[in-house]
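Reviewing the structure listed below.
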Amino acid sequence: MRKFWILIKYEWLNFKADKGLLILTTLTLFAGLYGIYYGTTELEKQRENIAKLDVLTEHNVEEMKEKFPGEADAGDIGYYHSTFAVNHPDSWASLSMGQRDVNPYYIKLRLLNLQSQLYDTENINPLKVLSGNFDLAFVLVYLFPLLIIGLCFNILSVEKEQGTLPLLLSQPIGLPLIVGAKLSFRMMIVLGLALLLSVLAMVWGQVMPDVRVALWLGVVLLYCLFWFGVAFLVAALQKNSAFNAVTLLGVWLMLTIIIPALLNVYVAVKQPIPQALELTIKQREVVHGGWDKPKRETMDQFFALYPQYTDTTDIKVRFVWRWYYAFQHLGDVAVADLAEAYQEGLQARHQLVEKLNVLSVPVNVQGVFNAMAGSDLPSHLAFMQSATQYHDSLREFYYPFLFNNVPFTHADYEKEPRHSFTSSPDFATAYSGLFKLVICVLVVFGIGFVLFRLKEASVK
Amino acid sequence: MIKSIARKEFISTLRDSRFMALSIIVLLLLLAATVVGLNSYRTLQEERDVAQQTVNDQFANSVDRHPHRMAHYGSYAFRPKSSISFLDFGLDSYTGAAVFMEAHRQNSANFSQAQQSSSLIRFGEMTVAFVLQMLIPLLIIFLCFGAFTQEKETGTLKILLSQGISLRQVAWAKITGYSKVVGLVVAPALVLASLLLFGRGGFELEGDTLLRLLLFILFYLVYFFIFIVLSVVVSSLHQRSNTALVTLLGIWILCCVIIPKASANLGANLYTTPTKAQMDADVHEEVAKGVDGHNSQDERAEALKKELLKKYKVSTLEELPVNFDGVWMAMGEEQSSKVFQEHFDELTDIFDKQNSISEYASLLNPYLAVRHLSMGMAGSDFSHYTHFQNKAEEYRYNLAQGLNNIQTTQIKYGEKETRLSSDTWKNFKPFTYETPHAGWALGNHLVSLLALLVWLVLVSTVGIRLIDKTKVA
């Protein structure tokens with residue numbers, strides 16, 4: 001054991017003297033700090049924007065009260081008044097922003113047909129979303145492997161190339177101890193840095209301290225171990241430093257860039273999404289066709305869905321709100337199948353990625369992070385569903401006014417349902433991802449050990 | 001002598017099986033990316049063509065309607081993919097494909113590819129541009145890192161120099177040799193891409209497309225050349241191949257992975273984007289209260305009434321020869337469009353400012369320079385997207401005003417039951433979009449163009465001069 005610590009001590013001295021390694025580590029540290037800063041400020045911005053929505057709603061209600069000073073027709077209110085369905089972030093989202101920048105985190109809703117309102121995008125700068133988030137998850141998933149590669153690519157080969165390996169081996173220590181000590185020393189640095197950044201991010205982002213603390217740290221630890229395993233495996237091949245560097249970088253390139261890009265192509269072909277374009281076009285036809293159809297026909301269709309409002313009086317005038325909202329409603333009913341197919345298509349696409357992510361550890365880990373932070377696609381789909389339910393509840397709220405001819409008073413604004421949804425973590429995905437990660441780590445180290453045993457240690 | 005060094009590098013590289021294996025992988029990826037790109041281009045383009053045709057037909061064949069109903073019925077603009085965007089998807093996957101164009105309201109483009117994908121797309125897309133921008137430089141690094149260090153390690157550099165050749169001449173000779181090798185890897189893919197573009201791709205051999213393609217290729221050749229010279233220079237400054245390689249890989253990671261992301265995120269942090277909800281509310285308020293904040297909508301309507309009654313010397317709106325509703329609607333459209341356009345321009349301006357951080361960062365980073373130029377030539381950058389949105393808005397405005405005009409002249413005041421024959425709608429020309437020309441595209445990336453040229457000049461003058469400092473021993 002003493003020999004091990006002596007080796008560690010000399011590694012430390014070496015490390016301190018090597019400017020390149022120091023720079024690399026410091027760079028990673030700063031990238032991590034920037035990632036934490038970026039994640040927290042970005043999430044703070046989203047929270048502020050969400051808070052401002054309340055102000056906008058209030059403002060809108062004030063305006064409505066001014067516009068309709070006395071009792072109003074609920075039809076007018078439903079038409080001019082808007083509210084928001086809001087997707088509050090989970091506190092963990094500052095560590096892993098996931099798809100929260102691409103997908104809108106609020107939806108502006110009126111009583112009109114839902115489908116034409118559901119897909120409005122937020123103001124996003126496409127160049128920014130193309131570049132992606134520089135959050136802690138990015139630093140851990142992309143940059144930490146590079147740090148590990150930088151620290152470990154010449155772990156054994158450098159001793160050979162400098163001619164120090166024979167000297168070392170002439171001492172009463174074996175090769176496994178040397179490699180073990182060197183690897184342990186680097187692990188201490190990298191894991192220390194990763195854990196430090198993670199804890200800092202959790203404190204800074206004021207995350208909900210639950211089981212995810214352990215889960216996150218565990219995944220980070222295992223992910224770093226995976227890359228150390230890869231470095232160990234390559235070192236076991238006992239080639240020169242240049243070969244190691246190229247091989248390790250090649251593995252990084254394959255796992256973090258090329259395989260995901262190819263998978264993306266495969267998924268797009270294998271699981272095509274029924275285009276939402278078709279849905280909106282069809283809905284427009286149905287909704288606008290509503291104006292031209294005989295009113296009786298529309299109302300009968302609607303009363304079939306809402307028998308409680310059935311009446312036998314024919315609408316004689318050119319325009320009444322209850323007829324207008326009836327054909328808006330039927331517009332949604334007409335495309336319900338397409339809307340469902342679209343959402344299911346997205347869900348299926350995500351599940352396919354879940355299945356394929358065994359091919360790339362970084363994709364898996366990114367998925368685990370996003371699932372934990374509630375910032376992945378399923379979480380957005382859950383929000384869309386929640387927004388749909390909210391729209392239903394708005395309908396339920398307004399229909400009695402419309403169909404029973406109840407005037408809408410100022411006091412009724414208070415009674416209007418409000419929406420709130422907070423992304424929740426998906427532990428099932430996280431645990432299955434963790435399980436896959438453990439297997440990958442074991443496999444890599446297993447192969448590394450076997451190779452080390454098989455290959456005769458050569459000093460030259 | 002220079003020629004023979006160049007030939008030696010060329011031939012010895014071809015004999016290096018590891019390098020050849022890497023080249024073949026890169027070449028295969030390049031070919032795969034071309035096919036994938038073309039395939040995805042065709043699918044998307046077809047989808048959008050069909051959709052555009054559908055909505056155009058629906059509009060032209062609409063039943064008899066009141067013109068204002070048609071204005072609300074509206075139309076869609078689907079963004080056609082630029083013909084060489086199959087080489088570089090650029091921002092296309094992140095920008096919306098469809099704009100709904102209706103009266104009173106300006107909608108943004110919805111339905112981007114990114115919204116329909118899982119997080120996989122964030123790891124990058126397999127496109128020709130991706131291989132050219134990120135993988136070829138890596139290949140170049142592996143090719144060139146030992147340019148000088150290997151000669152030093154084997155002691156051949158001294159022998160070479162004793163032949164009466166200067167260090168710089170050695171460098172240029174090596175650069176020439178490596179350039180040939182890179183050309184050998186890249187050329188087949190570029191030729192294939194061009195053939196697909198103009199041959200079976202079904203594109204017409206248009207002057208502008210050709211110019212865009214040529215510039216596209218040219219920019220990448222300059223980019224590769226910069227990387228080759230840079231790698232040779234870095235190699236000359238090191239004594240050992242290992243350290244030269246590690247340094248070069250570090251530069252690659254910084255240029256291709258870290259800086260692009262950091263600069264885009266920094267831009268977004270520095271200039272805050274207003275939310276859509278806030279923007280909508282602001283537009284709504286300004287339209288309702290009047291642009292100048294003085295007279296409200298009702299006051300403006302009163303003023304217009306008085307003005308028209310006076311102009312036509314009649315006492316009631318019914319007596320007017322024009323339909324007041326139509327005139328009022330047209331005025332409202334004009335006002336609201338102006339307000340919206342102001343806000344839209346403001347937003348575009350903020351995005352431009354955010355993106356300018358990346359543009360200026362290209363002075364530090366040739367990768368960013370070529371990325372912007374490549375997207376620009378492929379017609380998949382931000383300015384092309386804005387151009388499309390502006391064209392769609394222009395069409396929307398003219399459509400709404402055309403329908404308002406019909407209401408003004410053909411419909412009686414207060415008459416809401418009148419239906420105009422469906423032939424009326426056939427007179428409206430459907431939305432068409434033409435990509436602006438290459439010169440326009442280039443003009444949007446002058447900083448990047450300058451950056452690429454500065455890099456070219458810097459590496460081939462200052463860079464090469466640095467080689468003199470190398471320690472031969």
Side-chain angles (χ1 to χ4, degrees), chain A residues 20 31 34 38 41 49 52-53 56 59 84 98-99 102-103 106 108 119-123 125-134 142 146 154 241-242 245-246 249 256-257 260-265 267 273 275-277 281 284-285 288 291-292 318 346 349-350 353 363 366-367 370 376-377, chain B residues 36 40 47 51 54-55 58 63 69 73 76 91 94-98 108 110-112 114-126 130 142 241-242 245-246 249 253 257-258 260-262 264-265 267-269 273-281 347 351 354-355 358 382 385 416-417:
Chain A
Y34 177 73
Y38 171 81
T41 47
N49 288 340
K52 278 188 203 147
L53 295 179
L56 289 179
H59 208 78
F84 295 96
Q99 296 281 83
V102 178
N103 292 319
Y106 63 84
K108 190 175 168 179
Y119 307 100
D120 267 350
T121 37
E122 172 58 328
N123 289 336
N125 181 350
L127 186 71
K128 196 230 151 191
V129 286
L130 166 73
S131 307
N133 292 305
F134 202 114
Y142 271 77
L146 292 171
N154 57 4
S241 300
V246 170
L249 201 73
T256 53
I257 296 182
L262 291 174
L263 281 184
N264 194 27
V265 173
V267 169
I273 297 283
Q275 281 289 316
L277 300 180
I281 292 174
R284 182 180 68 146
E285 283 306 300
H288 283 265
W291 290 91
D292 307 312
R318 192 190 66 86
L346 291 178
R349 201 171 247 202
H350 180 80
V353 175
V363 172
Q366 181 75 62
N370 289 348
D376 53 1
L377 185 64
Chain B
V36 165
S40 128
E47 250 168 33
T54 311
V55 295
Q58 283 172 348
V63 291
R69 285 270 332 285
Y73 177 72
Y76 282 90
L91 306 180
Y94 293 88
T95 53
S108 53
N110 289 348
F111 302 115
S112 70
Q115 281 184 300
Q116 301 177 4
S117 331
S118 63
S119 60
L120 255 189
I121 196 173
R122 311 304 286 275
F123 283 83
E125 286 181 286
M126 181 52 72
F130 160 78
F142 295 140
S241 296
N242 286 343
L245 180 63
V246 172
L249 292 181
I253 288 162
V257 181
I258 299 180
K261 202 175 218 157
N265 282 285
N269 261 3
T273 315
T275 57
K276 183 96 189 316
Q278 187 66 50
M279 204 169 115
D280 283 351
L347 180 69
F351 286 161
Q354 293 178 350
N355 297 346
S358 295
F382 184 64
Y385 175 60
K416 290 186 170 173
E417 298 279 11

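Order of the sequence lines sets the chain letters (A, B, ...), proteins ahead of strands, with each chain counted from 1.
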Min side-chain heavy-atom separation [X]-[Y] under 4.5 Å:
| X | Y | result |
| --- | --- | --- |
| A:Asn123 | B:Thr275 | no |
| A:Leu127 | B:Tyr94 | no |
| A:Glu122 | B:Thr273 | no |

Next on the checklist: Looking only at heavy atoms and a cut-off of under 4.5 Å, which of A:Asn370, A:Asp120, A:Asn49 has the most pairs with chain B?
Outcome noted: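 Answer, by heavy-atom pair count under 4.5 Å with chain B: A:Asp120.
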Next on the checklist: So which residue, A:Val353, A:Val129, A:Leu377, ends up with the most heavy-atom pairs under 4.5 Å with chain B?
Outcome noted: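 Result: the option with the highest number of such pairs is A:Val129.
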How far apart are the closest heavy atoms of [X] and [Y], and which atoms are they?
| X | Y | answer |
| --- | --- | --- |
| A:Ser131 | B:Pro260 | OG-O, 4.0 Å |
| B:Phe142 | A:Val246 | CE2-CG2, 3.2 Å |
| A:Pro126 | B:Phe382 | CG-CD1, 3.7 Å |
| A:Ile281 | B:Thr54 | CG2-CG2, 4.4 Å |
| A:Tyr106 | B:Lys276 | OH-N, 3.2 Å |
| B:Leu249 | A:Leu249 | CD2-CD2, 3.4 Å |

For [X], is it the side chain, the backbone, both or neither that has a heavy atom under 4.5 Å from a heavy atom of chain B?
| X | result |
| --- | --- |
| A:Asn154 | neither |
| A:Val265 | side chain |
| A:Gln99 | both |
| A:Asn103 | both |
| A:Leu146 | side chain |
| A:Thr121 | both |

Please classify the contact between [X] and chain A as side chain, backbone, both or neither, with a heavy-atom cut-off of under 4.5 Å.
| X | result |
| --- | --- |
| B:Ile121 | both |
| B:Ser358 | side chain |
| B:Phe351 | both |
| B:Val55 | both |
| B:Ser241 | neither |

Checklist entry - Which of the residues B:Ile258, B:Leu245, B:Leu91 is involved in the greatest number of heavy-atom pairs with chain A at under 4.5 angstrom? => result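 When all of B:Ile258, B:Leu245, B:Leu91 are compared, B:Leu91 has the most.
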Checklist entry - Relative to each other, are the rings of A:Tyr142 and B:Phe123 parallel, tilted or perpendicular (30° and 60° limits)? => result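 Geometry flag for B:Phe123 against A:Tyr142: parallel rings.
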Output the distance between atom [atom1] ([X]) and atom [atom2] ([Y]), rounded to the nearest 0.5 Å.
| X | Y | atom1 | atom2 | result |
| --- | --- | --- | --- | --- |
| A:Asn125 | B:Asn355 | CG | CG | 4.5 Å |
| B:Asn269 | A:Lys128 | CG | NZ | 7.5 Å |
| A:Tyr38 | B:Lys261 | OH | NZ | 9.0 Å |

Next on the checklist: Could you tell me if A:Gln366 and B:Arg122 have a donor-acceptor pair between their side chains, going purely by distance under 3.5 Å?
Outcome noted: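 No - no donor-acceptor pair under 3.5 Å links their side chains.
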Checklist entry - Got a donor-acceptor contact below 3.5 angstrom from the B:Gln58 side chain to the A:Glu285 backbone? => result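 The answer is no, because no donor-acceptor pair under 3.5 Å joins these two groups.
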Checklist entry - side-chain contact (heavy atoms from CB on, under 4.5 Å) with A:Leu56: which residues, sequence neighbours excluded? => result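 Counting only residues at least two positions away or on another chain, A:Leu56 forms a side-chain contact (heavy atoms from CB on, under 4.5 Å) with A:Leu53, A:Phe84, B:Ala277, B:Gln278, B:Ala281.
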